[in-house]
Amino acid sequence: AQTVTQSQPEMSVQEAETVTLSCTYDTSESDYYLFWYKQPPSRQMILVIRQEAYKQQNATENRFSVNFQKAAKSFSLKISDSQLGDAAMYFCAYRRRGGSEKLVFGKGTKLTVNP
Amino acid sequence: DAGVIQSPRHEVTEMGQEVTLRCKPISGHNSLFWYRQTMMRGLELLIYFNNNVPIDDSGMPEDRFSAKMPNASFSTLKIQPSEPRDSAVYFCASRSRGVNEQFFGPGTRLTVL
């Protein structure tokens with residue numbers, strides 16, 4: 001079974017600084033998708049960024065970028081120029097390509113942004 | 001675009017009562033997912049439907065839980081009888097064919113006393 005591990009229950013960053021959230025996963029599949037979701041206090045789950053495993057290029061969305069290391073099964077999220085609105089729970093998620101569409105989530109990292 | 005709609009947003013009930021959670025997916029989406037979020041277990045898939053047909057219900061905890069999707073625009077998750085350990089936030093999500101992203105609703109916070 002696939003598993004996703006987020007080893008940092010909590011992280012903090014100063015406003016305007018950069019922070020990296022870690023995620024590792026375990027799978028025997030070669031083709032899959034990885035996601036980072038943000039959950040602010042409103043509880044709404046918001047997709048931040050996604051990565052297809054067959055793409056070697058790391059995904060980037062404005063201030064958010066990932067470091068995808070397929071061999072190491074690592075998928076970290078970098079947030080640049082952190083803003084107060086970035087404060088939230090961040091969840092890493094995995095989905096295999098083809099077959100079950102189930103998203104497997106990590107336990108999450110709570111990010112605090114200090115002014 | 002109204003997004004995924006869930007009702008109610010909050011539900012407080014007593015142990016033994018029947019609870020029904022409702023979800024309206026985004027129009028045109030053909031996959032619908034029910035997730036449960038708890039502090040202990042995090043976010044877990046309970047069941048998902050493709051074209052109104054249940055595909056994977058391996059996450060449904062026990063027979064007290066049931067889900068239906070009578071048409072493309074409506075799904076229910078029912079717990080009967082409810083127990084305190086069912087207290088959680090229940091999310092519904094939907095996805096369009098050919099798109100990787102699942103769009104989540106705002107969730108229903110269920111408290112069983």
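- Neither the backbone nor the side chain of B/I55 comes within contact range of chain A; no heavy atom of the residue lies under 4.5 Å from a heavy atom of that chain.
- Residue A/K73 places its NZ atom among more than 12 non-hydrogen atoms of other residues, nucleotides or ligands, all under 6.0 Å distant.
- Using a 4.5 Å cut-off between heavy atoms, A/K102 contacts chain B through both its backbone and its side chain.
- For the residue pair A/R97 / B/N100, no side-chain donor-acceptor distance below 3.5 Å is found, with atom types taken as modelled.
- Remark: side-chain polar atoms of A/R43 are paired, donor with acceptor, to backbone N or O of B/G107 under 3.5 angstrom.
- With a 4.5 angstrom heavy-atom cutoff, B/Y35 touches chain A only via side-chain atoms.
- Residues B/E44 and A/V104 have side chains not in contact (no heavy-atom distance under 4.5 Å, counting atoms from C-beta outward).
- Residues B/R41 and A/F105 have side chains not in contact (no heavy-atom distance under 4.5 Å, counting atoms from C-beta outward).
- No more than 12 heavy-atom neighbours from other residues, nucleotides or ligands sit within 6.0 angstrom of CD on A/Q57.
- Both A/I79 and A/F68 belong to a single network of hydrophobic side chains, linked directly or stepwise wherever heavy atoms of I, L, V, M, F, W or Y lie under 4.5 Å apart.
- Enclosure of atom CG in B/N71 by more than 12 non-hydrogen atoms of other residues, nucleotides or ligands within 6.0 angstrom is indicated.
- Side chains of B/Q102 and A/E101: a donor-acceptor N/O pair is absent below 3.5 angstrom, by distance only.
- Nearest heavy-atom pair, B/Q37 versus A/F91, reported as atom, atom and distance to 0.1 Å: NE2-CZ, 3.4 Å.
- Of the two parts of A/Q39, only the side chain, counted from C-beta on, holds a non-hydrogen atom closer than 4.5 Å to a non-hydrogen atom of chain B.
- Within a 6.0 Å radius of CD in B/E14, no more than 12 heavy atoms belonging to other residues, nucleotides or ligands are found.
- Hydrophobic clustering (side-chain heavy atoms under 4.5 Å, transitive across Ile, Leu, Val, Met, Phe, Trp, Tyr) keeps A/L103 apart from A/L77.
- More than 12 heavy atoms of other residues, nucleotides or ligands sit less than 6.0 Å from atom NZ of A/K70.
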